[in-house]
Every structure is written in C-alpha cells, then in structure tokens.
Amino acid sequence: MEAVGHRPYNLVAELTYRCPLRCTYCSNPVSFRSVPDALDGEAWSGAFREAAALGVVHVGLTGGEPTLHPDLAEIVAGAAGAGLFVHLVTAGTTLDRDRLAALRERGLRSVQLSIQDARAAESDAVAGTRAFERKLAFARDAAALDLPLTLNVVLHRGNLDRTDELIELGRRLGAQRLELANVQYHGFALANRAALLPTAEQLERAAGAVARARTAGDGPEILFVLPDYYADRPKPCMGGWGRRILVMTPEGLVLPCHAAAEIPGLEFFRYPEHALRECWESAPGIAAFRGDDWMREPCRSCPERSRDLGGCRCQAFQLTGDPAATDPACALAPDHAIVLDARARAARPAEALYRGDSRAKRPPLSNPRRDS
Ligand code: SF4
Ligand code: FES
C-alpha cells in the first residue's frame with residue numbers, strides 16, 4: 001500500500017530507553033538494554049525538520065525517561081525551531097524547577113507526568129523505587145511555570161479500585177487532563193499480564209467513578225477507555241498502522257508503533273541512513289500493514305474494518321505468532337479464546353516482575369492451532 005494520503009501528524013520520539021523507574025507494565029521492549037542512544041541533539045533536530053516537512057505538527061519526547069538524554073535542551077530547541085508543538089513525557093524524578101524552566105525557555109509547551117498510584121507506598125511499589133513525592137514536586141513545578149500538565153496513570157488490577165483517589169489527585173495537582181490508561185499488553189506488561197489484568201467488576205467500578213467525576217465537571221478532562229481485553233472489539237491502534245503517527249526509537253528506527261520492531265521479518269529503515277520521508281513512505285515494514293489489502297477473513301468482509309483499521313498488529317503477533325491474524329481482542333477473531341482465557345484468570349494472584357528482570361519473557365503462545 002502506497003503512503004500517498006497517509007500524512008503523519010504526530011512524531012513519538014523515544015530519546016532513550018534508560019529510566020530510573022522499573023515499572024512492571026513498561027511497554028519498552030524486554031531487550032531495551034541492547035538498544036543504543038544513537039542519535040545526538042543535532043541528529044534529532046534534523047529528524048524534526050524532516051518530520052515537519054512531512055506534515056508532522058506535534059512531537060512527544062518520550063522514552064524510557066527522555067530527560068536522561070544528555071542533549072535534551074538542544075533537542076527541545078530543535079523541535080521548537082522546526083515549528084513542532086513540543087510535549088515532554090516524563091516520570092518527573094529527574095528535572096528540578098530551574099531545568100524545567102530552561103526547557104520552557106527553549107520551546108517546551110506541555111508536559112505529561114506519569115504517576116503509578118494515588119498513594120505513595122503503592123505508587124513506589126509499582127515503580128520499584130521511591131519516586132512519588134518527587135513526582136508531586138514536579139507537578140507543582142509545572143503549575144508554577146504555567147506549563148499545561150497531563151497526569152497519566154496506567155490502570156491495572158492493583159490500582160483500579162482507587163480510581164476515585166486518582167481523579168482527586170489530578171484535581172489537587174491542577175492537571176488539565178487525566179489519562180487513565182488501561183495497561184496495553186506489550187513488553188514487560190505482556191510478561192506480567194497474569195498479575196496486571198483486572199476483573200470486569202473492577203473496570204465497571206472504575207467506569208462509574210469516571211462517570212461521576214465527569215458529571216461533577218470540576219476536575220481535569222478525563223480520558224478513560226475500556227481495555228481491549230474487555231471491549232470485544234479492538235481499537236484502531238496508533239490510529240492505524242502507518243497512517244498518522246510515526247515512532248522513532250533511540251537508535252533511529254522509524255516505526256508505525258512502539259512495538260513493531262519485535263515482529264520478526266519486517267524491515268524498517270533507520271534515520272539518518274535514510275531520509276525520514278523514505279523511512280515513512282518506502283520501508284517494507286511500514287507498507288506491510290498499511291491500508292487493508294493485507295486483511296484476511298473475517299476482517300476482509302467486515303463492515304467494522306474502517307473503524308478499527310484491523311486493531312493491533314503487534315498484539316496479533318504477540319498472542320498468535322502471526323502479525324496478519326485478526327486481533328484476538330475481537331470477539332469475531334478465530335483466536336479470541338486466548339483473550340477469554342486470560343480474562344478467566346484475572347482474579348488469580350500472580351507475581352509481577354520489574355522492568356529489567358531477566359526472568360521476564362513473553363507468555364507462551366496459547367493458540368493450540370499454532371503452538372504445535
Ligand atoms: Fe475489526 Fe476484524 Fe473484528 Fe471486524 S472482524 S470488528 S474488522 S477486528
Ligand atoms: Fe504495534 Fe498496536 S502496538 S500495532
């Protein structure tokens with residue numbers, strides 16, 4: 001499928017996979033330590049100029065922990081100089097107010113702070129380190145500098161029952177937006193799925209808390225979407241493969257999403273060996289699932305395919321071993337039993353491994369048709 005008509009508007013710039021936190025649901029590749037920080041400030045700035053020429057208007061500086069990149073100030077200035085809206089996604093433990101102010105001076109426009117729970121001990125237990133109080137200080141610094149703040153909380157079995165408290169925390173910190181993002185099962189999160197997947201009852205209670213807060217209308221704007229595993233239909237992951245969002249990894253690989261490099265056999269191009277336009281328009285890996293020519297039944301003749309755009313190719317691969325399979329999150333998928341089976345186990349206690357734990361690996365494929 002040609003890239004014609006697929007103009008990206010958002011660049012997700014993963015500056016480094018290094019991070020002082022060790023969250024059990026981290027979506028970085030399990031092998032993150034082998035990915036070098038290959039791009040310096042000058043190279044990132046070049047990528048931003050080329051991205052702007054492609055149509056990109058927004059860049060999210062993320063990771064890992066992007067503030068650990070030694071050229072962060074130059075990177076922010078490079079993105080702003082290219083005319084992009086510059087958004088920083090951080091765990092909030094590495095920047096003091098002066099450094100944050102300096103980034104604002106260079107063109108930083110908004111920040112997203114991740115918090116693991118509404119309570120210090122529970123939050124630090126998920127992060128694998130003491131970080132909660134520092135995060136609150138970061139939120140206060142952002143408010144003092146008038147930087148719009150999004151609070152991002154990854155929801156899972158361990159914190160969903162405190163959704164009320166999370167909303168209250170967002171209100172107290174003066175967040176403009178609260179993203180209550182149910183875990184996506186990639187990277188370490190997939191390895192820890194047995195410990196993270198919530199029950200349907202927990203999700204229902206959380207949805208009730210969100211509805212009450214929205215009705216009250218006195219807090220941050222709340223984003224809350226039912227997770228794939230309980231929705232019976234997949235979401236259009238990344239707004240569709242290779243359509244609107246491009247991801248650059250710390251080594252410069254240009255991907256349609258943060259997990260695509262884990263799919264064997266797909267060839268992606270690396271910047272700056274290839275121009276960004278070539279990475280986006282001509283890499284065989286990005287072309288592989290652009291559009292809908294690749295779809296098989298039941299998707300091929302399904303009226304919903306233009307809404308979900310085939311769901312998540314990485315999830316299809318991770319759960320079935322076949323990236324072209326119908327996303328098992330879909331109740332019409334031949335492999336939907338994999339998701340039903342995981343749901344049935346959602347109430348059982350299980351141990352979660354921290355990011356970086358060498359015992360973390362993908363759960364064995366549970367599709368009997370492909371396991372043999
Ligand atoms: Fe979407 Fe395919 Fe399921 Fe139809 S069958 S709803 S196109 S994933
Ligand atoms: Fe890769 Fe969904 S994360 S397509």
Side-chain angles (χ1 to χ4, degrees), residues 1 3 6 8 10-14 17 25-32 35 60 62-63 89 154 181-191 193 196 225-249 253-268 279-280 283-340 362 367:
M1 164 66 59
H6 295 310
N10 189 14
L11 168 61
V12 178
E14 297 179 333
Y17 285 146
Y25 48 67
C26 182
S27 62
N28 283 168
V30 172
S31 58
F32 69 93
V35 180
T62 180
V89 178
V154 175
N182 281 287
V183 175
Q184 290 190 299
Y185 294 98
H186 302 294
F188 287 93
L190 183 59
R193 187 181 63 189
L196 295 169
V225 187
L226 260 192
D228 265 10
Y229 274 56
Y230 283 94
D232 285 344
R233 289 290 187 274
K235 296 174 193 58
C237 191
M238 305 298 282
W241 180 282
R243 285 171 66 96
R244 295 282 175 256
I245 303 175
L246 68 88
V247 175
M248 285 181 70
T249 72
L253 261 190
V254 176
L255 304 174
C257 66
H258 52 278
E262 308 263 297
I263 302 177
L266 291 184
E267 188 194 357
F268 298 104
C279 296
W280 174 253
I286 299 201
F289 298 113
R290 206 173 237 147
D292 58 11
D293 290 351
W294 56 272
M295 286 183 188
R296 304 185 191 137
E297 294 298 347
C299 301
R300 175 167 286 283
S301 57
C302 178
E304 296 183 54
R305 71 182 187 283
S306 58
R307 180 194 56 77
D308 63 41
L309 306 168
C312 180
R313 293 304 86 219
C314 299
Q315 181 155 272
F317 165 69
Q318 285 156 353
L319 296 184
T320 73
D322 177 2
T326 299
D327 186 335
C330 179
L332 305 173
D335 296 311
H336 188 53
I338 297 171
V339 164
L340 296 181
R362 196 171 84 186
N367 180 346

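In each ligand, atom 1 is the first atom listed, and ligand 1 is the first ligand listed. If you read the sequence from its start, that first residue is 1, and numbering goes on from there.
Side-chain atoms of Asp335 do not come within 3.5 Å of backbone N or O of Thr326 as any donor-acceptor pair. Judged by distance alone, the side chain of Arg300 and the main-chain N or O of Asp293 form a donor-acceptor pair under 3.5 Å. The backbone N or O of Val225 lies less than 3.5 Å from a partner atom in the side chain of Asn182, making a donor-acceptor pair.
In this structure, CG in Leu246 is found 13.5 Å from NE2 in His6, a value given to the nearest 0.5 Å. Note that OH of Tyr17 is 9.5 Å distant from OG1 of Thr62, once rounded to the nearest 0.5 Å. To the nearest 0.5 Å, atom CG of residue Asp327 and atom NE2 of residue His336 are 10.0 Å apart. To the nearest 0.5 angstrom, His258 atom NE2 is 7.0 Å from Cys237 atom SG.
For the pair Arg305 and Trp294, the cation-pi test (distance below 6.0 Å, angle within 45°) is failed.
Looking at heavy atoms from C-beta onward, Arg244 lies out of side-chain contact with Pro8 at the 4.5 angstrom threshold.
Listing protein N, O or S atoms at distances below 2.8 Å from atom 2 (Fe) of ligand 2, with waters left out, gives Cys237 SG, Cys312 SG. Protein N/O/S atoms closer than 2.8 Å to atom 2 (Fe) of ligand 1: Cys299 SG.
By the criterion of a heavy-atom distance under 4.0 Å, the side chain of Arg233, and not its backbone, is placed next to ligand 1.
Ring-plane geometry between Phe268 and Trp241 is classed as tilted, the angle between the planes lying from 30 to 60 degrees on a 0 to 90 degree scale.
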